[in-house]
Structure formats: structure tokens, C-alpha cells
Amino acid sequence: MAYGSVKRSLGRRRGVRKKAPGAALILIGFAALILVCTICFYIGAGFYTSLLGHERKRIAADARQDNFGGLRKWTRTSQFGIFPPNYPVVDRSHNLGEDSLAMCERALWHTLETTTIVLPAGDTFIHTGDIDDLWLRDSAAQVHPLLVPFGDGGGSLVESDPRLARVISGLIQRTAMYIRHDPYANAFRIDDSYVFSAEQKRLGRHDLISTWNYELDSACYYIRMIYYFYKSLPDHPVLKNPRVIEAIDIMVDVWISEQEHESDKYPTGPLFDCKNCGKPYRYPGLARGGKGTEVGKVGMTWSGFRPSDDACRYGYLVPANMFAVVALSYVEELAQTLWNNDDLFAKARSLRLAIDQGINEHAIVDHPKYGKIYAYEVNGLGDYLLMDDANVPSLMSIPYIGYNYIPEIYANTRRFILSTDNPTYQKGHNIETGDIEGYGSPHMSLAVDKNIWPMSLAVQALSSDDVDEKLRLVQKLTKATGGTGWMHESFDVSNPRKYTRSWFCWADSLYAELVMSLAKDCPSGKYHVMKWKDPNTVTGGKYAA
């Protein structure tokens with residue numbers, strides 16, 4: 001366009017000044033310019049492929065100018081974001097009462113004492129509670145309070161406890177094996193002794209795979225766990241384990257492929273040699289023969305299922321894509337500062353920017369009552385779902401997971417979530433909690449119709465900048481256990497003694513994290529690990545029994 005304009009301008013000049021003394025010089029100069037441009041074009045063409053090949057290294061080199069190693073561990077501010085996520089922790093000086101502190105103690109150690117098996121060869125298996133399978137998401141979330149910098153001196157509990165470090169490093173290593181086994185699976189068994197039925201095998205389950213629901217957030221939790229572990233123990237050998245690095249590389253490639261889900265793109269290469277690999281993901285029960293409802297190509301990455309394990313109505317689950325943006329920023333830093341992996345860094349950066357752009361262009365909806373809000377799911381074709389689900393990542397959890405949200409839009413979204421316009425919202429009264437409001441999930445609506453999920457109340461408190469709201473929700477949660485002293489999956493808004501899942505450690509861990517964000521008095525007692533099958537014992541820290 002610009003070259004054509006210049007060319008037309010020179011033609012007009014020749015018409016006006018064809019007898020001018022300098023006309024010949026102008027023509028000679030113009031011819032020389034064309035000759036130089038032509039030579040440059042062919043020379044440049046010869047180097048074009050090489051330049052593309054070095055582009056990723058250039059991106060990495062430009063970003064390496066930031067000196068991450070010189071920044072304080074818990075307050076890093078860089079191009080990647082803020083660690084830990086800046087969800088509002090006002091201070092930790094509040095007196096929450098004996099009941100809440102005692103329950104925090106039990107909830108914090110519940111995973112270690114009832115669901116953790118330390119295996120030989122450096123592995124750890126952590127199941128979810130009353131289901132003896134390991135969910136990638138749940139297991140990482142269950143140990144998360146041990147990694148958050150609420151411990152002595154502003155560090156994490158794992159930082160000063162080699163036994164806890166062994167537990168979590170073993171989980172990191174074990175999960176890497178599971179991801180290589182099948183990157184689309186979300187839950188796994190401890191061994192391959194279980195005999196699956198023909199129907200279960202039809203659903204993609206076999207040997208170690210308990211459920212084969214592809215959920216975008218599963219790998220986000222894994223990456224977050226690795227990153228938080230890195231901030232606590234940056235020199236731990238598990239962080240340089242090739243299997244761990246390969247697992248992250250695998251998931252980044254899966255996410256890139258699932259940006260083009262509609263065109264049946266799937267990841268390839270030597271790392272994708274699993275039984276279900278080498279073909280597009282199809283899950284029986286999803287629309288269009290297992291492909292899911294139609295989506296456009298808009299930068300976001302597709303997910304078949306929500307963190308509730310329910311199928312997505314529209315394939316771009318917005319809070320999971322937000323979590324992926326955060327996780328990819330962690331990958332960028334790890335690839336650059338720890339692994340010196342320019343290729344992984346460049347892939348992660350490009351993917352993060354594309355997903356974030358897709359969110360900002362396609363996941364914000366003008367609501368007639370609340371203004372601009374974030375949708376829960378979209379398809380990139382103009383359709384969207386306005387709701388929130390208690391399972392994290394949720395829209396309520398946006399500050400908690402660390403996404404760089406637009407404050408006004410999040411505030412509007414929060415008002416929508418805590419209103420009757422959100423189809424999962426409930427409000428009621430019962431003798432144990434008094435007046436209570438919150439929201440739940442369609443996942444357990446058949447068992448408990450008007451359900452509130454404790455984890456939604458915990459995340460509502462964690463993401464609030466109102467101290468009174470935080471303290472009020474801690475008290476509501478403490479009273480909403482149905483007399484058991486434990487968090488549950490869901491409870492009836494009119495009767496907390498009607499609940500689902502009596503043993504659900506993910507919710508316990510979120511409760512513990514909430515209390516620890518407000519008070520310094522948890523933990524105070526000792527823990528033990530349920531099963532230690534590794535012949536090598538490890539000395540624990542001050543809280544180890």
C-alpha cells in the first residue's frame with residue numbers, strides 16, 4: 001500500500017517536471033533505489049527461515065533482562081505477575097475463636113493423616129477422601145496450604161519441614177508420571193489392579209486411569225503446585241527432574257492443540273505415546289459424537305469438563321482459561337530462570353497472550369442489570385453461559401487464582417454471583433448457621449437440590465477485601481459442618497446435616513487456608529502421615545509427630 005502510493009507520487013512528478021535540469025538524476029536515483037531493494041529482498045529471503053527459527057530465542061533473551069533471582073522470594077513483582085496472588089489478606093491478627101482454630105488444625109492435617117501414602121522411589125499418592133483415587137486437581141489443592149507463605153518468618157510450612165517436602169515432591173513426581181501416561185485424564189489409581197468393566201473402558205478408563213474427563217484446570221493446579229514448591233525450595237532436585245519438565249511441556253502442547261479443537265488438531269511427538277494419544281479427544285456422552293458443542297477459534301483453549309467433573313455446555317470455560325493464563329506465567333518464569341528452556345518459554349508466552357486476548361475479547365458480556373461481567377462459559381461464536389459454579393477455578397475465585405482481572409468487571413460479576421440471577425445461588429435459614437446465603441453447583445443438585453458448597457463460601461471470603469465479610473464467613477463455615485467438624489462437598493441451605501461427601505479433603509484445605517490467612521494460631525499441633533511405605537525415613541519439622 002505504502003509503496004504504491006510512493007510510486008504514484010513519483011509518476012506525477014515526472015509529468016510536471018519532465019524538462020527540469022535534475023530529472024535525469026531523479027530517475028537514476030530511483031532506479032538505484034529499486035536495485036538496492038531488490039538485492040535486499042533476495043538476501044533477506046535467504047535468511048528468512050533462519051530468522052524464524054531464532055525468534056523464540058530472541059523472545060527469551062529479551063525477557064531475560066529482568067533479574068528475577070535478585071528479587072525477594074515472597075514479594076516478586078515482574079512481567080509475570082505477583083507472588084503469591086494478591087487476594088486480599090488484610091492481616092493475620094484476628095481472634096477467630098477456639099472452634100474455628102481447632103477446626104483449622106484438623107482440616108489442615110486431614111489430607112496428610114487420612115489420604116497420603118508415601119511410596120518408594122520418591123513418589124507420593126494422595127487420594128481425594130471417600131473416593132480412593134488421585135485427582136490431579138484435588139491432590140494439588142489438598143496440599144496447597146502447606147505451600148502458601150503463612151508459616152514462621154513469612155515462609156511456607158514446607159520450607160522448614162523436610163518430611164512435608166518429601167510428601168509434596170513425591171506428589172509432583174508421581175503426577176508427572178500420570179500426565180505422561182495420559183494427558184487428557186483427570187483422575188488416577190494407585191496401581192493397575194482394578195478390573196474395569198466394558199462400559200468403563202468405553203469411557204477411556206484402563207489400567208491407572210480412573211476417569212478420563214479432560215479438564216483444563218487439572219494441569220493448572222499441577223503447575224501452581226510446582227511453582228509454589230519452587231518458591232519455597234528453589235534448589236530441590238525434583239524441580240530438575242526431566243519427567244516433571246516433560247509433563248509441563250506435554251500440557252502446554254495439549255493446550256496449544258486445543259486452541260484448534262474444532263479442526264481436530266491434537267498434539268504429536270515422542271512424548272505423546274499413550275494408548276489414547278495420536279487422535280483427537282472424544283468422550284462418549286459429549287455432543288457431536290464426543291467432540292462437544294461447536295466452538296470458534298478465538299485464542300482460548302478448550303475444555304471438555306468443569307472442575308466439578310460436569311461436562312461444559314460451551315467449550316471455553318472462562319475461569320479455567322484465566323487459571324491457565326496464570327499457570328503459563330509460572331511456566332515462563334520456571335523455563336527462564338530454572339530450566340533455561342527457551343522453546344518452552346516462548347510457547348508458554350505466546351499461548352498465554354493468545355488466551356488472555358481471547359478472554360478479553362469474547363468472555364465479557366454486557367448485562368442489563370450489572371453492567372459488564374465475566375461469563376462462565378463461551379463458545380467464541382457469540383453464545384455464553386451466565387452462572388458460577390462453586391468448584392474452583394470459579395468466577396468468584398478470580399483474585400484467588402491470581403488472574404489480572406479488570407476490577408470493575410470483577411466487582412460486577414461478584415454482585416451477579418451473589419444474587420438470585422445466578423442459577424446456583426441459594427439463600428435460607430437453619431438452626432445451626434442462622435441466616436445463610438451462598439452458591440453451589442449443578443453437580444450435586446439431584447442429591448441436594450438447594451445446595452451451598454463450603455468451598456464457595458471459603459473462596460468468597462478469601463477473595464473479599466471486607467474483613468467483616470471474611471470473619472462472618474469463617475463463622476458460618478465453622479457452624480455448617482452438620483455436627484461433624486469437617487467440611488463437606490455440599491449441604492442443604494435449610495439443613496447442614498443433609499450433606500454430600502463426609503470425607504472431602506479439598507474443602508478442608510480451603511477452610512484451613514482461609515483461617516491461616518486471618519490468624520497466626522493455626523497450626524499449633526502435630527501431624528502424622530497416614531502411610532509411609534518408603535524405606536527411607538525423613539525427619540520432620542516442628543509440627544511433625
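These numbers come from the heavy atoms of this one structure, side chains and all, not from hydrogens, waters or symmetry mates.
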For Glu469, enumerate each residue passing the salt bridge (charged side-chain N to carboxylate O under 4.0 Å, His left out) test, keeping only those at least two apart in sequence or located in another chain.
Arg414

Report the residues that fulfil ring-ring contact (aromatic ring centres under 6.0 Å, His included) with Tyr376, sequence neighbours left out, ordered by chain and then residue number.
none

My understanding is that only residues two or more places apart in sequence, or in another chain, count here; which of them pass ring-ring contact (aromatic ring centres under 6.0 Å, His included) with Tyr499?
His488

Can you list the residues that meet the side chain to side chain contact (heavy atoms under 4.5 Å, CB included) rule with Thr293, with sequence neighbours excluded?
Ala287, Tyr314

Can the ring centroids of His144 and Tyr228 be said to lie less than 6.0 angstrom from one another?
yes

Would the distance check show the side chain of Thr115 and the main-chain N or O of Thr111 forming a donor-acceptor pair, the cut-off being under 3.5 Å?
yes

Residues in side chain to side chain contact (heavy atoms under 4.5 Å, CB included) contact with Asn404, at least two apart in sequence or another chain:
none

State which residue, out of Asn451, Thr424, Asp389, fulfils the side chain to side chain donor-acceptor pair (under 3.5 Å) condition with Ser441.
Asp389

Set of ring-ring contact (aromatic ring centres under 6.0 Å, His included) partners for Trp486, sequence neighbours left out:
His110

Could you pull out all residues at least two apart from Arg313 that satisfy side chain to side chain contact (heavy atoms under 4.5 Å, CB included)?
Arg306, Glu377, Leu385

Check this for me, if you would: do Asp309 and Arg137 make a salt bridge, where the nitrogen-to-carboxylate-oxygen distance has to be below 4.0 angstrom?
yes

Could you note down all residue pairs passing salt bridge (Lys or Arg N to Asp or Glu O under 4.0 Å) where residues 415-424 supplies at least one of them, sequence neighbours left out?
Lys369-Asp421

Using the six-membered ring wherever Trp is involved, compare the ring planes of Trp503 and His127 and label them parallel, tilted or perpendicular (cut-offs 30° and 60°).
perpendicular

Taking only residues two or more places apart in sequence, or in another chain, which ones meet Cys104 in a disulfide (SG to SG under 2.5 Å)?
Cys522

Just jot down the ring-ring contact (aromatic ring centres under 6.0 Å, His included) partners of Tyr384, sequence neighbours excluded, or say none.
none

Check this for me, if you would: do Asp534 and Arg166 make a salt bridge, where the nitrogen-to-carboxylate-oxygen distance has to be below 4.0 angstrom?
yes

Indicate the ring-plane relationship of Phe416 and His367, choosing parallel, tilted or perpendicular according to the 30° and 60° boundaries.
tilted

By side chain to side chain contact (heavy atoms under 4.5 Å, CB included), Pro407 pairs with (sequence neighbours left out) Tyr405

Tell me, please, which residues at least two apart from Lys372 pass salt bridge (charged side-chain N to carboxylate O under 4.0 Å, His left out).
Asp366

Mutual orientation of the aromatic rings belonging to Tyr283 and Tyr281 [parallel < 30°, tilted 30-60°, perpendicular > 60°]:
parallel

